[in-house]
Amino acid sequence: MTIRCRIAPSPTGPLHIGTARTALFNSLFARRHGGTFILRLEDTDVARSTLEFERDILDGLHWLGLDWDEGPAVGDIGERGAFGPYRQMQRLDAYREAAERLLRMDAAYECFCTTEDLATDRAAQEAGHQPPHYVGRCADLNTEQRRQRRADNPTPVIRFRVGEGRVEFHDLVRGDVSIDTSALGGDLVIVRSDGTPLYHFTVCVDDTAMDISHVIRGEDHLSNTPKHILLFRALGADVPAFAHLPLILNPDRTKMSKRKSQTAMAAYIEQGYVREALINHLALLGWASGTEEELFSFDELTRLFDLDRVHQGGAVFDRERLDWLNGQWIRRIPDEELVERALPFLTTSVAVHAATGAAVRDPAADDVRDLLPMVRERLPRLDAIGPLVDFLFLDELRVDATMLVPKRWDASTTLTGLTEARRIVGRLGEVSFEADEIEAALRGLCEERGWKPGDLFMAIRVALTGRTATPPLFDTMIALGLERTLERLDRAREALDPG
RNA sequence: GCCCCCAUCGUCUAGAGGCCUAGGACGCCACCCUUUCAAGGUGGAGAUCAGGGGUUCGAAUCCCCUUGGGGGUACCA
């Protein structure tokens with residue numbers, strides 16, 4: 001059996017974390033079994049769909065490395081695959097044909113009920129404590145009745161008959177599921193009054209046309225699956241296998257939502273999460289390898305993943321864990337690649353200073369390459385690079401006098417310390433400006449004076465960087481250069497002794 | 001309301017009847033390392049496996065009930 005699965009996002013919002021996870025699992029499943037991974041754009045909600053959202057979704061999936069074997073034309077990439085078009089609004093003919101077929105077979109019928117009719121029904125059902133459902137007013141109209149009702153409402157919808165009985169199916173992660181058609185809410189609308197098709201209908205027509213073998217999607221679709229099965233049968237199609245993934249949850253265990261969590265993939269990208277970490281984290285939300293290994297690359301997942309190890313319970317999206325994974329993966333990214341990925345974040349960070357009027361030097365790839373050894377272990381996210389080294393790119397650093405004084409020291413000791421340090425570094429720097437030598441000399445100074453090295457170093461650190469948490473001090477001095485090091489030490493001394 | 005699904009440390013999870021006085025990871029705490037911050041190392045706290053009934057010589061694992069949670073119930077997807 002050829003495995004064909006798909007991700008079918010709707011461009012009515014930016015790429016959602018949940019969509020990305022579903023795409024990942026589909027992609028992994030296809031790769032694992034030598035199948036085909038298809039992308040289909042479900043853009044039939046014309047009112048809410050936009051090209052920007054479509055762009056965001058496609059870019060995000062691509063950024064994650066989730067490339068599809070078949071899919072629509074995007075940008076300069078042409079359509080791929082023999083089952084297109086892969087954009088639903090370009091498949092209207094197929095839906096029209098299928099709807100007409102269902103109408104001819106009397107598996108569907110035209111419904112002339114108005115929004116008001118339906119609202120009245122709904123209200124009555126609610127009052128009578130009945131589940132909301134379509135009452136079937138138009139289910140059995142004869143030709144004459146249809147003609148009359150059409151006079152009042154010339155734009156009927158098309159409803160699909162759900163019939164009676166139970167629908168049973170085997171879900172690859174849930175096991176056997178059984179739902180009575182009476183719980184489906186009555187005959188469902190498959191074509192709007194404006195002639196455009198609705199989701200439950202298009203999904204079945206397309207999965208059939210695209211020969212989808214496995215439908216892997218979020219659990220929120222579990223209750224809708226019987227409708228789809230009924231539709232597949234009516235269409236005379238093979239029913240694909242289903243696998244409903246556990247939901248990704250907010251911390252309060254409700255379905256992950258924009259209101260309570262950060263759901264847009266783009267936001268994570270902006271904050272410096274790397275694709276390796278996002279993939280790893282998403283994979284672990286609802287799937288486990290069964291080993292004690294926690295770090296998985298996409299390729300490893302491709303070899304290990306299978307549906308039989310997918311969970312049934314929902315999983316809270318844990319940022320702390322993502323952060324940890326992100327740090328782990330950042331430490332594993334090859335130098336040149338990390339340089340390339342981190343540079344934009346540094347640039348942005350420096351630009352923020354520039355925007356406040358500070359004179360800055362724009363960071364270059366060479367800068368990041370030089371700084372890599374001292375920042376790599378300190379980056380839970382790529383955007384952390386700014387606060388870590390941005391002081392290197394400021395022409396002038398203004399440091400508050402009170403901040404310069406270490407906890408155990410007073411202002412005059414600090415002034416003495418910085419003055420002495422300036423003298424030593426200045427003298428040493430003319431000969432050689434190397435971390436080891438500077439450190440040895442300054443430690444010697446501390447011994448002489450009875451100072452704790454940590455105190456002196458802290459005073460220098462603040463003088464040079466304006467921060468109390470920085471990369472190792474002596475590497476920082478080298479990165480800053482002799483001239484600027486001395487200059488900042490002088491500025492700090494001036495701040496401590498304005499007179 | 002009705003239907004469906006789910007239920008192991010705070011979180012992600014291992015566990016497919018005896019290997020479990022329940023393992024790992026994140027987070028948390030302590031110590032070590034250490035010029036700060038990280039990273040790393042070591043150790044610790046943390047789950048009577050939602051509760052109650054069965055089945056069995058034996059149940060976190062199988063069955064039933066209860067409770068709790070979630071999802072679905074559109075001319076959204």
Side-chain angles (χ1 to χ4, degrees), chain A residues 8-13 19 42-45 47-49 111 113 115 118 122 125-126 128-133 155-159 171 174-175 177-180 182-186 188-194 196-200 202-203 218-226 244 246-247 249 251-255 281 284-295 311-325 327 331 374-380 384 388 406 439 442-443 446 452-458 460-462 465 467-474 476:
Chain A
S10 179
T12 52
T19 307
E42 309 216 323
D43 53 358
T44 55
D45 186 351
R48 295 195 299 147
S49 295
C111 170
C113 295
T115 319
L118 299 175
R122 186 82 27 99
Q125 288 156 5
E126 213 161 297
H129 295 288
Q130 281 181 294
H133 63 279
T155 55
V157 300
I158 299 175
R159 281 186 190 272
D171 187 283
R174 311 270 141 190
V177 180
S178 163
I179 300 178
D180 198 284
S182 63
L184 264 28
L188 59 127
V189 178
I190 56 175
V191 178
R192 294 183 179 89
S193 50
D194 68 1
T196 56
L198 254 5
Y199 168 75
H200 295 306
T202 58
V203 81
E219 194 199 325
D220 44 353
H221 285 295
L222 190 62
S223 303
N224 290 326
T225 303
H244 287 91
L247 258 22
L249 277 20
D252 67 3
R253 303 203 75 86
T254 52
K255 183 162 99 168
H281 188 242
L284 261 17
L285 252 28
W287 174 85
S289 71
T291 69
E292 290 192 346
E293 185 59 47
E294 308 280 339
L295 291 173
H311 268 239
Q312 302 183 284
V316 173
F317 189 90
D318 183 5
R319 281 291 280 261
E320 307 268 18
R321 192 175 159 89
L322 205 214
D323 285 351
W324 176 76
L325 283 168
R331 272 163 238 148
M374 50 196 266
V375 298
R376 182 172 220 127
E377 309 270 287
R378 280 165 247 266
L379 297 178
L388 224 41
E439 179 172 0
L442 291 179
R443 279 184 190 280
C446 289
K452 288 200 161 189
D455 292 332
L456 206 224
F457 294 171
M458 183 53 84
I460 300 174
R461 166 175 297 111
V462 175
T465 70
R467 299 179 191 276
T468 52
T470 70
L473 183 59
F474 305 104
T476 301

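If you're wondering where the values come from, they're calculated on a predicted model, not measured in any experiment. Here is the naming used below: chain letters follow the sequence lines, and residue numbers restart at 1 for every chain.
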| said: Check the phosphate of B/rA77 against A/Thr44, side-chain N and O only, distance under 4.0 Å to OP1 or OP2. Yes or no? | reply: yes
| request: For A/Phe317, answer base if it contacts any base atom (sugar-phosphate contacts may also be present), sugar-phosphate if it contacts only those atoms, and nothing otherwise; contact means non-hydrogen atoms under 4.0 Å. | output: nothing
| task | Mind checking A/Ser178 for me? I need base, sugar-phosphate or nothing, with any heavy atom below 4.0 Å counting as a touch. | result | sugar-phosphate
| With a non-hydrogen cut-off below 4.0 angstrom, is A/His311 in contact with a base, only sugar-phosphate, or nothing? | sugar-phosphate
| said: Classify A/Val157 by what it touches in the nucleic acid, base, sugar-phosphate, or nothing, heavy-atom distance under 4.0 Å. | reply: base
| message | Output one letter per nucleotide in nucleotides 21-33 of chain B: B when a protein non-hydrogen atom lies under 4.0 Å from the base, S when only the sugar-phosphate is that close, - when neither is. | response | --SBBSS------
| query | Does a nitrogen or oxygen in the side chain of A/Gln312 sit under 4.0 Å from OP1 or OP2 of B/rC6? | reply | yes
| query | Contact class for A/Asn224 vs. all strands (heavy atom < 4.0 Å): base, sugar-phosphate, or nothing? | reply | base
| query | Contact class for A/Ala183 vs. all strands (heavy atom < 4.0 Å): base, sugar-phosphate, or nothing? | reply | sugar-phosphate
| NA contact type, A/Pro132, heavy-atom cut-off 4.0 Å: base, sugar-phosphate, or nothing? | base
| said: Counting the atoms with a prime plus P, OP1 and OP2 as sugar-phosphate, which does A/Arg461 contact under 4.0 Å by heavy atoms, base, sugar-phosphate, or nothing? | reply: base
| message | Using a 4.0 Å heavy-atom cut-off, does A/Pro251 contact any base of the nucleic acid, only the sugar-phosphate backbone, or nothing at all? | response | nothing
| said: Rounded to whole Å, how long is the line connecting atom CG of A/Leu249 with atom P of B/rG70? | reply: 9 Å
| field | A/Lys255 vs B/rG72: side-chain N/O to OP1/OP2 distance below 4.0 Å | value | yes
| query | Just how far, in rounded Å, is P of B/rU11 from CG of A/Leu285? | reply | 13 Å
| query | When we call it a touch if two heavy atoms are under 4.0 Å apart, what does A/Gly286 touch: a base, just sugar-phosphate, or nothing? | reply | sugar-phosphate
| Length of the line joining A/Gln125:CD and B/rU73:C1', which is rounded to integer Å | 11 Å
| query | Under 4.0 Å between a side-chain N/O of A/Arg378 and OP1 or OP2 of B/rU36, yes or no? | reply | no
| request: Using a heavy-atom cut-off of under 4.0 Å over every strand shown, decide if A/Thr12 touches base, sugar-phosphate, or nothing. | output: nothing
| message | On the nucleotide B/rG10, are OP1 or OP2 found under 4.0 Å from the side-chain N or O atoms that A/Arg253 carries? | response | no
| task | Send over the distance from A/His244 NE2 to B/rC5 P, rounded to a whole Å. | result | 12 Å
| said: Using whole Å, what does the distance between atom P of nucleotide B/rU34 and atom CG of A/Leu473 come to? | reply: 17 Å
| Between B/rC76 and A/Arg192, is there an OP1 or OP2 to side-chain N/O distance shorter than 4.0 Å? | yes
| field | d(CG, A/Leu295; C1', B/rU13) in whole Å | value | 15 Å
